[in-house]
Structures are given as structure tokens and as C-alpha cells.
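What follows is a single structure, written as C-alpha cells, with notes after it.
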Amino acid sequence: MGGYQRINLECAAGEDLASAVHRGFASSPRSLPCRFLYDELGSRLFEAICATEAYYPTRCERAILAQRASELAERFGGARLIELGSGNSEKTALLLDAWAPPKRYTAIDLDGSVLDRAGQRLVQADPSLTVSAIRADYHTGLTHALAGERGPALILFLGGNIGNFDRAAAAAFLGEIRMRLGPRDGVLVGIDLRKERGRLEEAYDDPVGVTAAFNRNLLARIRRELGGDLDPRGFRHRALYDSQDGVMRLYLESRHDQRAQVGRREYSFAAGERIHTEDAVKYDRGEIEALARGAGLELVEHWLDPEGLYSLNLLGPG
Ligand SMILES: C[S@@+](CC[C@H](N)C(=O)[O-])C[C@H]1O[C@@H](n2cnc3c(N)ncnc32)[C@H](O)[C@@H]1O
């Protein structure tokens, strides 16, 4: 008999929101770590982004997973699924449906509310499923999930989350995972591909304005949690693609000269000044091979969706 339970772990490293805001607003150019985009409302807004026509990554990754789920279930029969930054686990359900019992799924995310919603929904749909949720950062959650005696595991890193790391940090992160892999383990990583600017900028600045709301929610969160009078309406969402570096960069841009209080500190923003809130690094096939190599991993499979917009990559310990 399965079930759902959640544990909360102290993050090993990393600042809290207050320190991140004060450091990020004191630096030049200003920036905020993208992990703070995901509070309860942020997670719901991200799910709404995934439902937009413009945001192709979710649709593409779902299509690849639907096509490859039984093949993966055969290869990794009996393995535990461990997901980093699991969000609503909606696409993971495709794998779990194909998995042979015992079905064990460990979901790791910073947002406890999305973990609870996803875990409870999954066990309701399949009472034989055991879902262990860990509210923690990637590193702390994975260390806990892989501690002690264990059987084979397939580690999932979906949704293009790896793009939030710069290229060197992505290789270092995968290298850290590589050091913990057993011979029968695998890593399944969703990686968005380089493509023309128009398609990318529309995906990150959809015509309905959902991505803009998601980005601006970071300012609303700061006000909710730290107090003050920072007004999200005073900033506009910007999504700019740097085609040379292959990076989508998200910003919040001050609409006019303004001063805002955060907690007990005051900051001024000039008209047009930007706060950098997220990067989404894009790859081509060669860069994905180099990424895997740099992490000491073997690129076992490189699957594309029918439109060739997005890739799902199976990496092995080599
Ligand atoms: C872009 S969403 C993707 C969600 C899901 N993987 C998907 O494909 O729909 C990123 C998720 O990773 C979580 N996240 C972001 N940074 C994290 C970190 N450093 N440690 C753990 N979770 C993190 C967020 O809370 C969010 O749920």
C-alpha cells in the first residue's frame, strides 16, 4: 500500500529571501535568484505558463515522455524515480503510469504547496504509489534521497530547469550527480534547444501576459514576506534573447524613477533600470554532448519532439 508524506529539510547553503534581496538590490546590475520565483502563487502561475500556446517546452517534453515512457520503464524496471524541482509532477505521471510496481517516487522542490498538491493527486489516482516529498533545494534533497543502502534510481530533471544554471554550473551540477550514481542508475534531463529569437521571446513573453505576471509575482512576494511598499505595477516584464550566448534573460524593468521600501531599507530605481530575475540557457546537440562529457556522463539517448524544438536526454554513468 502506497501513500504520500512530506519532510522539510534545512537548505545546506543559500540565503533566505531577505538577504538575497538586500544583496541583489545592492549589487550592480541588480539581480534576484530565480528560485524565489516559486512561492505558492509562483508555482500556480508557472503551471498557467505551461498551459499557454506560446510556451512550447512543456508540450514538447510531454510528447517525448508519452512516446518513451514504456521504453524507459523497461530499461529501468524497478528503479526509484527521484525528481529535482518536480513542480506539479504532471509529466512525471506519464512515467509513473508506465512503471512496474513497486512504484516509488521521490519529489524534491522548494515549494511545499506544489509538492503537497502533486503528491496527493498522484496517490489518489494510484493508491499503490509511494510518494516521498522533500521540501529542500536540489543538493540537500538529492543527498537525502540517495543516502544509505539503495537500489537503482532514475533521476529526473525536467522542464528545462537545467537552463537556469550557466553552462559551467550546469556541468558542475551534473558532475555532482555523477559522483553519486550507481552502475544501474540514470539521469533524464529535459534541455531546451537554441532556436530563432521570435519563437523564444514569445515563449517567455506570452501574449496573454502570464509570464509577465509570474515574473512580477517575485516583487509581490517580496512585499508579502518582507513588508514595505515595492509595487509590482511599477515594473514591466522583459524577455530578451542573447543569440550569441544562447541565453534567454528575464528582467523586471522600472517604468519610471521610483523609490521603494523593502523591510526597513529603501531603494531607488531609475526609469529603465532592470532587475535580472532568470536566465534560461539554450543548447544545441554538440553543446549537450559537451555538457554530458564535462560532467563525466555518457549521453545514452537524445530524443526530440516532433517539431524538433526541445530535447529529452538520457545520461548514464558511462
Ligand atoms: C520551471 S519549474 C519546472 C517544474 C517541473 N519540473 C516541470 O517540468 O513542470 C521549476 C521548479 O523547480 C523548483 N526549484 C527551482 N529552484 C530550485 C532549487 N534550487 N531547489 C529545488 N527546487 C527548485 C521550483 O520550485 C519549481 O517547482
Side-chain angles (χ1 to χ4, degrees), residues 6-17 20 32-52 55-66 81-96 105-119 121-122 133-145 154-166 169-170 172-173 176-177 187-192 203-204 210-211 214-215 217-218 221 239 248 250 277-282 305 310-313:
R6 160 152 76 99
I7 60 165
N8 303 317
L9 299 179
E10 278 298 313
C11 294
E15 327 154 276
D16 61 9
L17 181 65
L32 294 168
C34 66
R35 67 179 185 279
F36 291 113
L37 288 163
Y38 299 91
D39 62 349
E40 182 169 0
L41 181 56
S43 291
R44 288 191 184 272
L45 287 167
F46 179 72
E47 288 170 67
I49 290 174
C50 295
T52 63
Y55 195 72
Y56 61 85
T58 306
R59 199 169 55 244
C60 294
E61 192 169 61
R62 188 186 300 121
I64 307 171
L65 280 166
L81 287 167
I82 301 176
E83 181 162 10
L84 301 167
S86 48
N88 71 2
S89 304
E90 184 251 344
K91 286 166 277 140
T92 314
L94 294 167
L95 281 182
L96 289 166
Y105 172 47
T106 301
I108 299 164
D109 204 287
L110 285 171
D111 177 20
S113 70
V114 79
L115 284 168
D116 290 349
R117 270 195 293 124
R121 200 191 60 242
L122 287 170
I134 306 179
R135 180 163 71 76
D137 63 281
Y138 300 139
H139 175 85
T140 310
L142 189 63
T143 304
H144 182 86
L154 178 62
I155 297 168
L156 311 174
F157 200 27
L158 303 179
N161 290 13
I162 194 155
N164 296 147
F165 293 117
D166 67 34
F173 182 70
E176 197 192 308
I177 294 179
V187 189
L188 193 63
V189 191
I191 305 183
D192 196 15
Y204 287 83
V210 185
T211 319
F214 169 73
N215 200 7
N217 176 55
L218 180 50
R221 176 183 183 179
M248 262 314 305
L250 302 196
T277 54
E278 186 179 84
D279 276 347
V281 180
K282 308 300 167 187
D305 63 288
Y310 187 89
S311 71
L312 189 63
N313 302 273

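Order of appearance sets the numbers: ligands from 1, and atoms from 1 within every ligand. Worth saying up front: this structure is predicted, and the values here are computed from it rather than measured. Along the sequence shown, the residues carry numbers beginning at 1.
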Study note, to complete from the structure: Among Leu110, Asp111, Asp109, Leu158, closest by heavy atom to atom 25 (O) of ligand 1 is Asp109
Check your understanding: Between Leu158 and Leu65, is any pair of side-chain heavy atoms under 4.5 Å apart?
Key -> yes
Check your understanding: Numbering the atoms of ligand 1 from 1, which are under 4.0 Å from a heavy atom of Arg35?
Key -> 16 (N)
**Study point:** Side chain, backbone, both or neither: Cys34 near ligand 1, heavy atoms under 4.0 Å
**Key:** neither
Point to revise | Per-atom contacts, ligand 1 versus Glu83 - under 4.0 Å to a heavy atom | key: 6 (N)
Exercise for review: Examine ligand 1 and decide if any of its atoms is less than 4.0 Å from a heavy atom belonging to Ser43.
Suggested key: no
Review point. Does Gly42 have a non-hydrogen atom less than 4.0 Å from ligand 1?
Key: no
Practice item. To the nearest 0.5 Å, tell me how far Tyr138 OH sits from Glu176 CD. Key: 12.5 Å
Point to revise | Region of Ser89 that comes within reach of ligand 1 [heavy atoms, distance under 4.0 Å] | key: neither
Review point. Rounded to the nearest 0.5 Å, how far does CG of Leu110 lie from CD1 of Ile134?
Key: 12.0 Å
Exercise for review: Under the side chain to side chain contact (heavy atoms under 4.5 Å, CB included) rule, collect the residues that match up with Ala170, sequence neighbours excluded.
Suggested key: Ile162, Phe165, Tyr283, Leu291
Point to revise | Tyr138 and ligand 1 - part of the residue with a heavy-atom distance under 4.0 Å | key: both
Point to revise | Euclidean distance, Glu10 CD relative to Thr140 OG1, rounded to 0.5 Å | key: 9.0 Å
Exercise for review: Indicate yes or no for a side-chain donor-acceptor contact from Arg221 to the backbone of Leu41 under 3.5 Å, with no hydrogens or angles considered.
Suggested key: no
Review point. Numbering the atoms of ligand 1 from 1, which are under 4.0 Å from a heavy atom of Lys91?
Key: 7 (C), 8 (O), 9 (O)
Review point. Atoms of ligand 1 less than 4.0 Å from Asp137 heavy atoms?
Key: 20 (N), 21 (C)
Exercise for review: Output the list of atoms in ligand 1 that are nearer than 4.0 Å to some heavy atom of Asn161, sorted by atom number.
Suggested key: 1 (C), 2 (S), 3 (C), 10 (C), 11 (C), 12 (O)
Review point. Is there a side-chain contact between Leu96 and Leu81, using heavy atoms and a 4.5 Å cut-off?
Key: yes
Check your understanding: When you measure from atom 1 (C) of ligand 1 to every protein heavy atom, which one gives the shortest distance, and what is it?
Key -> Tyr38 OH, 3.1 Å
Check your understanding: Roughly how far apart are Ile191 CD1 and Glu61 CD, rounded to 0.5 Å?
Key -> 10.5 Å
Practice item. State which residues pass side chain to side chain contact (heavy atoms under 4.5 Å, CB included) with Arg62; sequence neighbours excluded, sorted by chain then number. Key: Thr58, Glu90, Lys91, Leu94
**Study point:** Per atom 5 (C) of ligand 1, closest listed option by heavy atom (Cys50, Gly159, Gly141, Gly85)
**Key:** Gly85
